[in-house]
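Sequence positions, counted from 1, serve as the residue numbers for this chain.
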Amino acid sequence: MKTEKVLIPFNGYLVFIILLFSIALTLYGFISNNMILAVAALLLSVVLAKGFIVIGPNSSKVLLLFGDYKGSIKQSGLFWVNPLYNKTSLSLRARNFESEKIKVNDKMGNPILISVILVWKVKDTFKSTFEVDNYEAFVRIQTDSAVRKLAGSFPYDHFEDERATVTLSTNFDDVNKALEHEVTQRLEIAGIEVIESRIGYLAYAPEIAHSMLRRQQASAVVAARHKIVEGAVGMVESALKLLADKEVIEFDEDKKATMVSNLMVVLCGDSETKPVINTGTLNQ
């Protein structure tokens with residue numbers, strides 16, 4: 001398989017001076033009625049003029065001679081090449097590509113919406129021109145395919161797979177590295193360099209988004225309740241120990257159970273408690 005060959009073309013400014021001299025000879029030949037000199041100089045001028053190419057920064061020219069690849073020019077400036085070359089322009093600038101939001105299934109089978117942002121540029125002009133039919137369309141299709149494979153390789157979050165070390169919604173660096181590796185492998189055949197690849201949008205599909213949100217909210221409530229209960233138990237334990245140490249009151253098992261029950265209700269309840277004043281004894 002052929003690879004890119006970088007050509008160093010002739011200096012265009014030097015050839016431009018020769019072109020001016022040839023034009024001058026053409027004019028001299030017509031003025032002096034020396035038609036052989038005039039025609040020869042005119043043909044030389046036409047040949048020289050057709051060989052000029054101008055290449056801007058971060059641009060290139062791919063050169064073919066009767067279907068045979070001769071090389072690529074990546075320098076910027078004014079140059080002169082064989083006038084018979086077929087010249088194809090190719091940009092070497094970095095480009096942004098944001099894929100459409102596509103619906104795919106994650107590792108656990110949940111439908112999700114995902115899109116990717118890709119920063120890329122042409123690295124090998126031969127592969128980009130001759131190894132694929134349309135390298136821009138190739139980038140779009142292969143990026144879409146890589147995103148689908150990535151989404152099916154990881155669960156959306158830890159709610160679906162608690163043993164997962166990497167998830168789409170939490171481990172962004174690891175997921176982006178995996179995506180970049182996958183896209184790079186797919187675009188190598190087209191001579192494309194992947195500068196950056198990252199997830200641009202990620203969410204559950206609309207048909208399950210509400211259910212997943214309720215599940216996450218329920219999990220958060222359970223976790224919060226667990227913390228509240230842990231704190232309340234510690235506070236009740238400290239209160240009973242402090243009352244016993246200072247001998248403020250002696251509790252039998254029934255009174256201690258009642259005390260614990262009341263304190264747990266006060267500390268773990270959602271609404272504010274309303275105190276009841278007992279004007280009698282503790283037993284009334």
Fill in the blank from the handout: Closest non-hydrogen atoms of Leu90 and Ser128, given as atom of the first, atom of the second and distance, are CD2-CB, 4.2 Å
Problem - Intermediate values then yes/no, side-chain contact (heavy atoms from CB on, under 4.5 Å), Arg93 and Ser59 - result: CA-CA 7 Å; Arg93 299 180 180 90; Ser59 298; 3.8 Å; yes
Exercise for the section: Kindly indicate, with the supporting measurements, whether the criterion salt bridge (Lys or Arg N to Asp or Glu O under 4.0 Å) is fulfilled by Arg198 and Glu180. Expected result: CA-CA 7 Å; Arg198 64 184 185 274; Glu180 184 173 331; over 6 Å; no
Exercise for the section: State whether a side-chain donor-acceptor pair under 3.5 Å links Lys107 with Ser153. Expected result: no
Practice task
Could you tell me the separation between the CG atom of Asp144 and the CD atom of Glu100, rounded to the nearest 0.5 Å?
Solution key: 8.5 Å
Handout entry: Minimum heavy-atom distance Ala178-Leu150, with the two atoms named
Key = CB-CD1, 4.0 Å
Problem - Single-linkage hydrophobic cluster Val54~Leu20, side-chain heavy atoms < 4.5 angstrom - result: yes
Problem - Test item: Ser32 side-chain N/O and Tyr28 main-chain N/O as donor-acceptor pair under 3.5 Å - result: yes
Problem - Heavy-atom check, side chain of Ile199 versus side chain of Val116, under 4.5 Å - result: no
Exercise for the section: Work out which heavy atom in Glu188 is nearest to a heavy atom in Lys127; give both atom names and the distance. Expected result: O-CD, 3.8 Å
Enumerate donor-acceptor pairs with a distance under 3.5 Å from any side-chain N or O in residues 76-87 to protein atoms, sequence neighbours excluded.
unit_1, atom_1, unit_2, atom_2, d
Trp80, NE1, Leu48, O, 2.8
Asn82, OD1, Leu84, N, 2.9
Lys87, NZ, Tyr85, O, 3.3

Completion exercise
Value for CD (Glu196) from CD1 (Ile117), rounded to nearest 0.5 Å, stands at 8.0 Å
Handout entry: Pair Glu4, Thr125: side-chain N/O donor-acceptor within cut-off below 3.5 Å
Key = yes
Practice task
Check whether more than 12 heavy atoms from other residues, nucleotides or ligands sit under 6.0 Å from atom NZ of Lys74, and answer yes or no.
Solution key: yes
Handout entry: Nearest atoms (heavy-atom pairs only) where Lys121 meets Ala94
Key = CB-CA, 3.9 Å
Practice task
Keeping the roles fixed (side chain from Thr167, backbone from Pro155), state whether a donor-acceptor pair exists under 3.5 Å.
Solution key: no
Problem - Thr3 backbone acceptor or donor facing Tyr69 side chain under 3.5 Å - result: no
Handout entry: Stepwise side-chain contact (heavy atoms from CB on, under 4.5 Å) test for Val15 and Leu19
Key = CA-CA 6 Å; Val15 178; Leu19 175 62; 5.5 Å; no
Practice task
Would you check if the side chain of Ser99 reaches a backbone N or O of Ser115 as a donor-acceptor pair within less than 3.5 Å?
Solution key: no
Exercise for the section: To the nearest 0.5 angstrom, please state how far the CG atom of Leu37 sits from the CG atom of Leu42. Expected result: 11.0 Å
Handout entry: Spatial distance of atom CD (Gln142) from atom CD (Glu182) [nearest 0.5 Å]
Key = 9.5 Å
Exercise for the section: Would you check, one step at a time, whether the test side-chain contact (heavy atoms from CB on, under 4.5 Å) holds for Val122 with Tyr135? Expected result: CA-CA 9 Å; Val122 173; Tyr135 69 92; 3.7 Å; yes
Handout entry: Donor-acceptor side-chain pairing of Ser145 and Arg186 below 3.5 angstrom
Key = yes
Problem - Side-chain heavy-atom pair Phe126, Glu131 within 4.5 angstrom cut-off - result: yes
Fill in the blank from the handout: CG (Leu43) and OG1 (Thr26) are apart, to the nearest 0.5 Å, by 8.5 Å
Handout entry: hydrophobic_cluster_shared for Leu168 and Leu113, side chain cutoff 4.5 Å
Key = no
Handout entry: Asp133, CG: over 12 other non-hydrogen atoms inside 6.0 angstrom
Key = no
Problem - Closest contact, heavy atoms only, Ser197 versus Leu118 - result: CB-CD1, 3.8 Å
Handout entry: Leu14 with Phe52, same ILVMFWY side-chain cluster at under 4.5 Å
Key = no
Problem - Non-hydrogen atoms of Val62 and Ser72 that approach each other most closely - result: CG2-OG, 3.9 Å
Handout entry: Point-to-point distance, once rounded to the nearest 0.5 Å, from CD of Glu193 to OG1 of Thr184
Key = 8.5 Å
Handout entry: Enclosure of Phe97 CZ (heavy-atom neighbours >12, cutoff 6.0 Å)
Key = yes
Practice task
Apply side chain to side chain donor-acceptor pair (under 3.5 Å) to the pair Ser89 and Lys61, showing each step before the final yes or no.
Solution key: CA-CA 5 Å; Ser89 298; Lys61 293 284 187 180; 2.6 Å; yes
Handout entry: same_hphob_cluster(Ile102, Ile112) at 4.5 Å side-chain heavy-atom cutoff
Key = yes
Exercise for the section: Verify side-chain contact (heavy atoms from CB on, under 4.5 Å) between Asn110 and Asn105, making sure each step is shown before the conclusion. Expected result: CA-CA 5 Å; Asn110 296 313; Asn105 293 333; over 6 Å; no
Problem - Residue pair Phe21 / Leu25, side-chain heavy-atom distance below 4.5 Å - result: yes
Exercise for the section: Using a cut-off of 6.0 Å, state whether more than 12 heavy atoms not belonging to Ile189 lie near its atom CD1. Expected result: no
Handout entry: Cluster link Val104 to Leu179, ILVMFWY, side chain under 4.5 Å
Key = yes
Problem - Within 45° cone of Tyr201 ring axis and under 6.0 Å: Lys101 NZ or CZ - result: yes
